[in-house]
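Here is the structure we will look at.
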Amino acid sequence: MSDFGRQIIDWYKENKRVLPWRSTQEPYRIWLSEIILQQTRVAQGLSYYERFVKEFPQVEDLANASEQEVLKLWQGLGYYSRARNLHFAAKQVVEDFGGVFPRDYKSIKSLKGVGDYTAAAIASFAFHLPHPVVDGNVYRLLSRYFNDDTPIDTTQGKKQFQAYADELMLTDEIADFNQAMMEMGAIVCTPKNPSCETCPLQNSCSALKEGSQLELPIKAKKVKVQDRFLHYIVVDANGYYLQQRDDKGIWRNMFEFPLIESQKEEEDISVLAKKEGFEILGSPLYETKHILSHQKLHVKFWKAKADEAVLEKYIQVDHLEDHAIPRVIDRFLEEMMEKV
DNA sequence: AAACCGGGGGG
DNA sequence: CCCCCAGGTTT
C-alpha cells in the first residue's frame, strides 16, 4: 500500500516551479536542459539554457557550430566536457539518426554525454517511456524514505536505489513521477534543512520516524584536494597573447595566458619565467584562489615583457569574445577593467 | 572500481 | 568555511 507515487505527484502538481524545459516536449530542448543541469543548480543553468535555445534553435544548428562557439557559450558553467559532448552528440543525431532525435532508451543513451540518468529523463519527459530517473535528489529522497544507509557512491548502492525507483514508479504518469521525485529533493527533501513538517511523505518516511534524515544519504568515498600553483604571464602589449590548453586535464581546449606552474608556493617565478623567455615586471597584478571540486588553484597574474621571437609562439588576439577562457581568468580581466 | 572533470551559492 | 548540486567518461 505504497502511496509514494500518488502522493509526490499530487504534491508536485500543486508546488512545481515553472521552468522553460517543462513546457516543451521537444527532445532536443529536454536533452539540452538535462546536460546543462548535470551537477548544476537550476538558478545557475537557466540563463545558459535560454541562450543555447536562442543561438541553436534546432539540433542541426548546434551540429553545424564549431566546438569553440559551443565552448564560448558554455563559458563559466564548468565541467566543459559537457559542452564538447553536447556538440559531439548533436552531430551524432544528424549523422547517425538523420537529424531525428532517437526515441528509444538505448539509442538515446548512445549519445555522447548521456548516461543512465539523462537517458531516463529524456525517455520519460519526451516520450513517456517507463524509465525512472535516479539522480542526486532521488538518492537523497529514497535513502531517507527507506532509511537506507547503503552508500550511494558504490555499485551496490546504485543498483539498490535503482531497484527502489523501478519498484515505485507509476508507469502511466512517468513524466510527472520523475519530475516529482526530483522536485521533492530540490524543494522539500533538501540536504541541510529538509521540510519534514510539510512533506507529503511525513507519515510513511522511515528516516523521519527514526530521526535519521540528516545523516542520509551516506557516501563512502572522500575527495582529496590537490594544491596547484599557477602563474599567468600577462604581456604588456596591444591585445592579448594566449595559448590553447591541450586535450587533457582541466579546461581542455580552452584559452589562457602563457602559464608557468610551480610545485611550491614560494618558488622564484622570475627564474622560471626567464627560462621561457619572459621578464617579470614587479609584483603580481592580481592573486586569487580558485576552488574546484578536486583541486585548489593558487593563481597569480604577472606583468611581463618578452622578445618578438618568444611572442611568436603565442596567439595574439585583440579581444577575447571568440575564445573560451576559464572563469578565473575572466574574473582577473573584470578586476583589471575596474581599476582602469 | 577509481580517477577525473568547474563553478557557484547556501548555510 | 564546508558541502554539494537535475552525472558521465576514461582508465
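By convention in this document, chain letters (A, B, ...) are assigned in the order of the sequence lines, proteins followed by strands, and residues within each chain are numbered from 1. This is a predicted model, so every value here is computed, not measured. When reading the values below, keep in mind they use all heavy atoms of this one structure, side chains included, and skip hydrogens, waters and symmetry mates.
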Defining pairs by Watson-Crick or G-U wobble geometry with both distances under 3.5 Å, how would you list the stems of DNA chain B with at least three pairs each?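 Detected stem regions: B:1-5 with C:7-11, B:7-11 with C:1-5.
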Output all residues satisfying side chain to side chain donor-acceptor pair (under 3.5 Å) with A/Glu321, sequence neighbours left out; order by chain, then residue number.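 Expected list: A/His319.
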Among residues at least two apart in sequence or on other chains, which ones pass side chain to side chain donor-acceptor pair (under 3.5 Å) with A/Asp176?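 For A/Asp176, no residue satisfies side chain to side chain donor-acceptor pair (under 3.5 Å) once neighbours in sequence are set aside.
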Provide, to the nearest angstrom, the distance between the [atom1] atom belonging to [X] and the [atom2] atom belonging to [N].
{"X": "A/Asn178", "N": "C/dA6", "atom1": "CG", "atom2": "P", "answer": "15 Å"}
{"X": "A/Ile291", "N": "B/dG9", "atom1": "CD1", "atom2": "P", "answer": "15 Å"}
{"X": "A/Lys192", "N": "C/dC1", "atom1": "NZ", "atom2": "P", "answer": "16 Å"}
{"X": "A/Leu292", "N": "B/dA3", "atom1": "CG", "atom2": "P", "answer": "18 Å"}
{"X": "A/Asp246", "N": "B/dC4", "atom1": "CG", "atom2": "P", "answer": "15 Å"}
{"X": "A/Ile35", "N": "C/dG8", "atom1": "CD1", "atom2": "P", "answer": "7 Å"}
{"X": "A/Lys219", "N": "C/dC4", "atom1": "NZ", "atom2": "C1'", "answer": "6 Å"}
{"X": "A/Asn193", "N": "B/dG10", "atom1": "CG", "atom2": "P", "answer": "13 Å"}

Base, sugar-phosphate or nothing for A/Thr154? Non-hydrogen atoms, less than 4.0 Å.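 It contacts nothing in the nucleic acid.
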Check step by step if side-chain contact (heavy atoms from CB on, under 4.5 Å) holds for A/Met169 and A/Ser124. CA-CA 11 Å; A/Met169 70 172 164; A/Ser124 63; over 6 Å; no
Euclidean distance for [atom1], [N] against [M] (whole angstrom):
{"N": "C/dC4", "M": "B/dC5", "atom1": "C1'", "result": "15 Å"}
{"N": "B/dG6", "M": "C/dC3", "atom1": "C1'", "result": "15 Å"}
{"N": "C/dG8", "M": "B/dG8", "atom1": "P", "result": "22 Å"}

A/Gln243 (side chain) donor-acceptor with A/Tyr314 (main chain) under 3.5 angstrom: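 Absent.
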Show your working on side-chain contact (heavy atoms from CB on, under 4.5 Å) between A/Asp172 and A/Phe177 and close with a plain yes or no. CA-CA 9 Å; A/Asp172 51 357; A/Phe177 175 83; over 6 Å; no
So, is A/His290 near the phosphate of B/dG6, with a side-chain N or O under 4.0 Å from OP1 or OP2?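 A/His290 to B/dG6 OP1/OP2: no side-chain N or O under 4.0 Å.
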Any side-chain N or O of A/Trp251 under 4.0 Å from OP1/OP2 of B/dG7?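 Yes, A/Trp251 has a side-chain N/O under 4.0 Å of OP1/OP2 on B/dG7.
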Between [X] and [Y], is any pair of side-chain heavy atoms under 4.5 Å apart?
{"X": "A/Lys296", "Y": "A/Asp227", "answer": "yes"}
{"X": "A/Ile233", "Y": "A/Ile260", "answer": "yes"}
{"X": "A/Leu141", "Y": "A/Phe4", "answer": "yes"}
{"X": "A/Trp21", "Y": "A/Arg29", "answer": "no"}

Run the side chain to side chain donor-acceptor pair (under 3.5 Å) check on A/Arg140 and A/Asn137 step by step: do they pass? CA-CA 5 Å; A/Arg140 192 167 55 250; A/Asn137 287 309; 2.8 Å; yes
Got a sec? Which of [range] come in under 4.0 Å of DNA chain B, heavy atoms?
{"range": "residues 66-94 of chain A", "answer": "A/Gly76, A/Leu77, A/Gly78, A/Tyr79, A/Tyr80"}
{"range": "residues 24-32 of chain A", "answer": "none"}
{"range": "residues 37-56 of chain A", "answer": "A/Gln39, A/Thr40, A/Arg41, A/Gln44"}

Residues 180-196 of chain A side chain polar contacts: donor-acceptor under 3.5 Å, at least two apart:
from     : atom 1 : to       : atom 2 : distance (Å)
A/Glu183 : OE1    : A/Arg17  : NE     : 3.4
A/Glu183 : OE1    : A/Arg17  : NH2    : 2.8
A/Glu183 : OE1    : A/Arg22  : NH2    : 2.8
A/Glu183 : OE2    : A/Arg17  : N      : 3.0
A/Glu183 : OE2    : A/Arg17  : NE     : 2.9
A/Glu183 : OE2    : A/Arg22  : NH1    : 3.2
A/Thr190 : OG1    : A/Asn193 : O      : 3.2

Candidate pair A/Phe257 and A/Val235, rule side-chain contact (heavy atoms from CB on, under 4.5 Å), full reasoning: CA-CA 9 Å; A/Phe257 294 117; A/Val235 173; over 6 Å; no
Could you say whether A/Val114 or A/Ala186 is positioned toward the 5' end of DNA chain C, judged by the nucleotide with the nearest heavy atom to each?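 The residue closer to the strand's 5' end, by nearest nucleotide, is A/Ala186.
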Side chain to side chain donor-acceptor pair (under 3.5 Å) assessment of A/Gln38 paired with A/Tyr117: CA-CA 9 Å; A/Gln38 286 169 5; A/Tyr117 161 74; over 6 Å; no
With a cut-off of 3.5 Å and sequence neighbours excluded, list every side-chain donor-acceptor pair involving residues 92-103 of chain A.
from    : atom 1 : to       : atom 2 : distance (Å)
A/Gln92 : OE1    : A/Lys112 : N      : 2.8
A/Gln92 : NE2    : A/Ser110 : O      : 3.1

I need the residues from residues 119-138 of chain A with at least one non-hydrogen atom less than 4.0 Å from DNA chain C; give them sorted by number, or say none.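 Contacting residues: A/Asp135, A/Gly136, A/Asn137.
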Expected output is a numbered-order residue list: members of residues 103-113 of chain A with a heavy atom under 4.0 Å from any atom of DNA chain C. What is it?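 Close to the strand are A/Lys112, A/Gly113.
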Which residues satisfy the ring-ring contact (aromatic ring centres under 6.0 Å, His included) test with A/Tyr164, sequence neighbours excluded?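 A/Tyr164: ring-ring contact (aromatic ring centres under 6.0 Å, His included) contacts with A/Phe146, A/Phe161.
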Show me the pairs that pass salt bridge (Lys or Arg N to Asp or Glu O under 4.0 Å) and involve residues 57-73 of chain A, at least two apart or across chains.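 Counting only pairs at least two positions apart or across chains, no salt bridge (Lys or Arg N to Asp or Glu O under 4.0 Å) contact touches residues 57-73 of chain A.
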Could you walk me through whether A/Glu334 and A/Arg327 pass the salt bridge (Lys or Arg N to Asp or Glu O under 4.0 Å) check? CA-CA 10 Å; A/Glu334 288 173 4; A/Arg327 188 74 184 98; 3.8 Å; yes
Which distance, rounded to the nearest 0.5 Å, do you find between the NZ of A/Lys289 and the NZ of A/Lys300?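 The distance works out to 8.5 Å.
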Looking at A/Glu173 and A/Arg6, does any basic side-chain N land under 4.0 Å from a carboxylate oxygen?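 A/Arg6 and A/Glu173: salt-bridged.
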Please report whether the ring centroid of A/Tyr240 lies less than 6.0 Å from that of A/Phe332.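 Ring-ring flag for A/Phe332/A/Tyr240: false, centres at least 6.0 Å apart.
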Side chain of A/Arg327 only, please: which of B/dG6, B/dG8, C/dC5 is the nearest?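 My answer, after comparing the listed nucleotides, is B/dG8.
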